[in-house]
Amino acid sequence: MAECVAASEAAIARAGGLIREGKLVAFPTETVYGLGADASDDKAVARIFEAKGRPRFNPLIVHVADAQAAEKHVVFSAEAKTLARHFWPGGLTLVLPRRADARLSLLVSAGLDTVAIRVPAHETAQALLKAAKRPIAAPSANASGKVSPTRASHVMESLGHSDLLAMVLDGGACRLGLESTVIGFPQGIPTLLRPGAVARAEIEAVLGRRLADADAASGEAGRASPGQLESHYAPGAPLRLDAREAGPDEVLLGFGPKAKSSMNLSASGDLTEAAANLFAMLRALDATAGGKRIAVSPIPMEGLGEAINDRLKRAAAPRG
């Protein structure tokens, strides 16, 4: 059973030591909780895949303290540097060419010549990076394909039983509650590989041009992004999307003032609030559904609504 401790200075120092020893530590970021390991240690990174039951072809995000640290591992284009200046630290991941001398496990790239990398804004994540003195590979701290964790208790429910997880640092609820947006540059073109915590419009405003869209279901561009399996972020109960009301065998996850539901992502129709509540409410409904399906109210395809709909679509996808 993993140890769950409040993210005090002493606990973070101990967690940093565990990372250096090749152990797994779950920790909060502003997006979701991550399952962290030394990104330069092949065996430690392999333990992430083992603990999550994660397919080997799904890349991992490498977390570093700042852009200067990132430049030791990847090559920045001019537009990538622009995005890093505006959005780091924060909920944006950049997929960039891997440096030939990068001291990162090849497993984090899942066989590709790129690395998904970001600088987290959460103070506990930053403190852990400083204590570990290592780049930290960290996908979401949950069993692969299941609902992402936004609280330490979610991590314990999903992975706390694993002998591979040494510690969970409890830093409270994640502020954004939605995974990072992932941007890549195939053929030098800024491309939205995964919508997330930073809205498309914000990124396009900074770049001064539209982002290209990647076909996540096929091709190397799509495979370069974490979280792009067709069925992903899934609760145990089946989902029905764009539901105006719940059927007799359903519970409704609402959105907006008109939704008649026991749980509402945002009664005021605030997409930022909805994003922060999404995974926690899916988990709560899944735990109480009693064999019923989860119906989800329509979410506008604007701003963070694009990312919320992406997660819901993957959660509702057929499961093999």
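Basis for what follows: all heavy atoms, side chains included, without hydrogens, waters or symmetry-related copies.
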Could you check whether R194 and S180, counting side-chain N and O atoms only, form a donor-acceptor pair closer than 3.5 Å?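 Indeed, the side chains of S180 and R194 share at least one donor-acceptor pair under 3.5 Å.
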For the residue pair R200 and T181, confirm or rule out a side-chain donor-acceptor distance under 3.5 Å.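 The answer is no; no qualifying pair exists.
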Any side-chain heavy-atom pair of [X] and [Y] under 4.5 Å:
X	Y	value
L239	L312	yes
R98	H73	no
N277	F255	no
P300	L271	yes
V75	L96	no
C174	R151	no
V182	V95	yes
R283	P149	yes

Taking [Y] as the starting point, is it possible to reach [X] by hopping between hydrophobic residues whose side chains are less than 4.5 Å apart?
X	Y	value
I203	V119	yes
L107	V74	yes
V108	L24	yes
L165	I48	yes
V64	L169	no

Using a 3.5 Å distance criterion without hydrogens, assess whether the side chain of [X] forms a donor-acceptor pair with backbone atoms of [Y].
X	Y	result
D42	S105	no
S158	A143	yes
R20	A131	yes
E30	A121	yes
D310	G196	no
N309	G305	yes
K52	N142	yes
D41	G22	no

Are more than 12 heavy atoms from other residues, nucleotides or ligands located less than 6.0 Å from atom [atom1] of [X]?
X	atom1	value
E204	CD	yes
R209	CZ	yes
D163	CG	no

Would you call [X] and [Y] a salt bridge, using N to O less than 4.0 angstrom?
X	Y	answer
E71	R99	no
K43	D38	no
R244	E250	no

Distance-minimising heavy-atom pair for [X] and [Y]:
X	Y	result
G91	T31	CA-CG2, 4.0 Å
G172	Y33	O-OH, 2.7 Å
K292	D249	CB-O, 3.2 Å
F279	G177	CD1-O, 3.4 Å
A212	I189	CB-CG2, 3.9 Å
A80	L94	O-CD1, 3.6 Å

Would you check, one step at a time, whether the test side chain to side chain contact (heavy atoms under 4.5 Å, CB included) holds for L253 with S261? CA-CA 6 Å; L253 178 58; S261 58; over 6 Å; no
List the steps, then state whether side chain to side chain contact (heavy atoms under 4.5 Å, CB included) holds for I183 with L193. CA-CA 5 Å; I183 301 294; L193 300 181; over 6 Å; no
Quick one: [atom1] on [X] to [atom2] on [Y], what's the gap to the nearest 0.5 Å?
X	Y	atom1	atom2	value
D270	L265	CG	CG	11.0 Å
T124	F27	OG1	CZ	10.0 Å
D286	M281	CG	CE	14.5 Å
L241	S297	CG	OG	10.5 Å
F185	L83	CZ	CG	5.0 Å
L252	R293	CG	CZ	12.0 Å

Could you walk me through whether D213 and T191 pass the side chain to side chain contact (heavy atoms under 4.5 Å, CB included) check? CA-CA 6 Å; D213 291 308; T191 301; 5.9 Å; no
Side chain to side chain contact (heavy atoms under 4.5 Å, CB included) between D242 and V296: does it pass, once the steps are laid out? CA-CA 6 Å; D242 298 321; V296 185; over 6 Å; no
Please identify which of these residues, E179, Q126, R118, meets the side chain to side chain donor-acceptor pair (under 3.5 Å) condition with T29.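 Among E179, Q126, R118, the one meeting side chain to side chain donor-acceptor pair (under 3.5 Å) with T29 is R118.
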